[in-house]
Amino acid sequence: MTPSVEELAPRSEDEVRAHLADGKLVEGLQHMSPEYLKGIRRILTVSADTELVSAPAYLRAAAHAPALNNFGSAVSIIQDELAHAHIGYRLLGDLGVDMSALIYEREPAAFKYPYAFDVPLDSWHELVMANALYDQAGFVLLSDVHRSSTFGPWKRALAKVDKEETFHLRHGRTWVKKLCADPVEKARIQAAADWMFILTLEWFGLPDERKRHGIQLEYGFKGLTNDELRQAWMAEVVPFMEEVGIEVPAHAEGDRWVIDCPFPARFDAEAKRWLLDEGAIGWDEVMERWKGRGPMNADYVERLQRGHRSRMAVAA
Ligand SMILES: [Fe+2]
Ligand SMILES: [Fe+2]
């Protein structure tokens, strides 16, 4: 039987608050309360699952690399993502989670990565747009954790992750810029942005008026709220897209970024198309779509679990 969070985390909530108020980091279970442990497990799982699923998603698109050395760059990004996932799962292992069951025995629908990765990347154009948009989202989220996290082992590990994400981003931007110089390629880049930009806006989750961050901010699992993170992402992405001449539905108004299309909106995942004519929808409907997962969920998770399963079958 795996021990409960109450058995693993010996401190009271007040003791954790006092520890943090002293400016100290949490270094392991010995410094944690049950609430702290539950919260840090949740955010680590989301992060590790996101890194892990990006590997099959990017690998699928890497098959469309224009040349062998471009395929090599894509594979090196995939390798980084697997190492990032490994950091998260290892830390979860230290926090009393059965790592192997978490990775290899979980139902596909129980994985906690953003819905965007459930929509297939079907071309090199979509892969480099994912590097420019999704890796930028990952970068914004992880730099916030790097800055604000009170969990020492993760905070330190993220110094390396941040640098690698910068490389992924640069890969995306360099290619987007290059492809935009040719009108035919540019049209394909624009088409990728058309469905991927709004999906990345969703990545940051419910708006602040719908979501209480309470303990996440108090215990320093993150420093910024969902809307602040969404703003930080737009501040990076929108000016870049304007610079290369790709249209995205957002613009600056003073120091804020404003979304120009109905948001959140209904999405046709098979056609990879937003049904913007139908106007904005409620977040409840979005959460239902997220919960139902998208087209690639089962396929990607099966791909990640398959090798382990056949190895276990041979060993049995
Ligand atoms: Fe990563
Ligand atoms: Fe990345």
Side-chain angles (χ1 to χ4, degrees), residues 40 42-65 70-92 99 102-103 111-121 123-149 151 153-177 192-193 196-197 199-205 221-222 229-230 232-233 236-237 240 296 300-301 303-304:
I40 194 74
R42 197 175 311 124
I43 189 167
L44 272 169
T45 306
V46 173
S47 171
D49 285 354
T50 307
E51 303 280 10
L52 186 66
V53 84
S54 70
Y58 288 175
L59 186 62
R60 173 192 171 94
H64 302 281
N70 305 137
F71 181 73
S73 311
V75 168
S76 95
I77 290 175
I78 292 163
Q79 234 173 357
D80 288 343
E81 305 298 15
L82 290 171
H84 299 169
H86 185 243
I87 292 171
Y89 292 127
R90 263 304 310 264
L91 290 172
L92 282 162
M99 230 192 315
L102 187 70
I103 302 170
F111 277 72
K112 295 199 189 321
Y113 59 82
Y115 177 85
F117 275 120
D118 276 343
V119 185
L121 301 171
S123 64
W124 185 252
H125 299 70
E126 291 183 349
L127 176 64
V128 297
M129 187 52 77
N131 287 147
L133 298 180
Y134 298 177
D135 286 276
Q136 181 74 65
F139 186 77
V140 164
L141 285 159
L142 288 179
S143 349
D144 179 54
V145 174
H146 183 44
R147 247 186 337 261
S148 319
S149 182
F151 183 40
W154 196 20
K155 195 182 180 80
R156 287 186 290 274
L158 285 176
K160 178 174 185 287
V161 174
D162 258 16
K163 291 206 172 64
E164 286 163 353
E165 291 302 344
T166 309
F167 159 61
H168 306 171
L169 250 173
R170 204 177 316 133
H171 180 260
R173 287 189 172 201
T174 309
W175 268 100
V176 166
K177 208 173 199 167
M196 296 171 78
F197 182 85
L199 266 192
T200 330
L201 283 174
E202 272 187 3
W203 189 303
F204 299 93
F221 301 137
K222 57 196 265 185
L229 291 161
R230 203 173 348 251
W233 177 78
E236 296 293 337
V237 162
F240 170 74
M296 298 312 291
Y300 288 159
V301 172
R303 227 168 257 262
L304 291 163

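Indexing begins at 1, ligand by ligand and atom by atom, following the structure's order.
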For the Fe ion (ligand 1), state how many protein N, O or S atoms fall inside a distance shorter than 2.8 Å. 4
Validation row, ring centre Phe71 to ring centre Trp124 under 6.0 Å: no
Give me the one residue out of Lys160, Lys163, His168 that meets side chain to side chain donor-acceptor pair (under 3.5 Å) with Asp80. His168
Tightest non-hydrogen contact, residues Val237 and Ala132, listed as CG2-O, 4.1 Å
Hits for side chain to side chain contact (heavy atoms under 4.5 Å, CB included) against Met296, two or more places apart or cross-chain, chain-then-number order -> Arg60, Pro120, Asp299, Tyr300
Mind listing the closest non-hydrogen atom pair of Ala85 and Glu51 along with its distance? N-CB, 3.6 Å
Side chains of His171 and Asn131: any donor to acceptor distance under 3.5 Å? yes
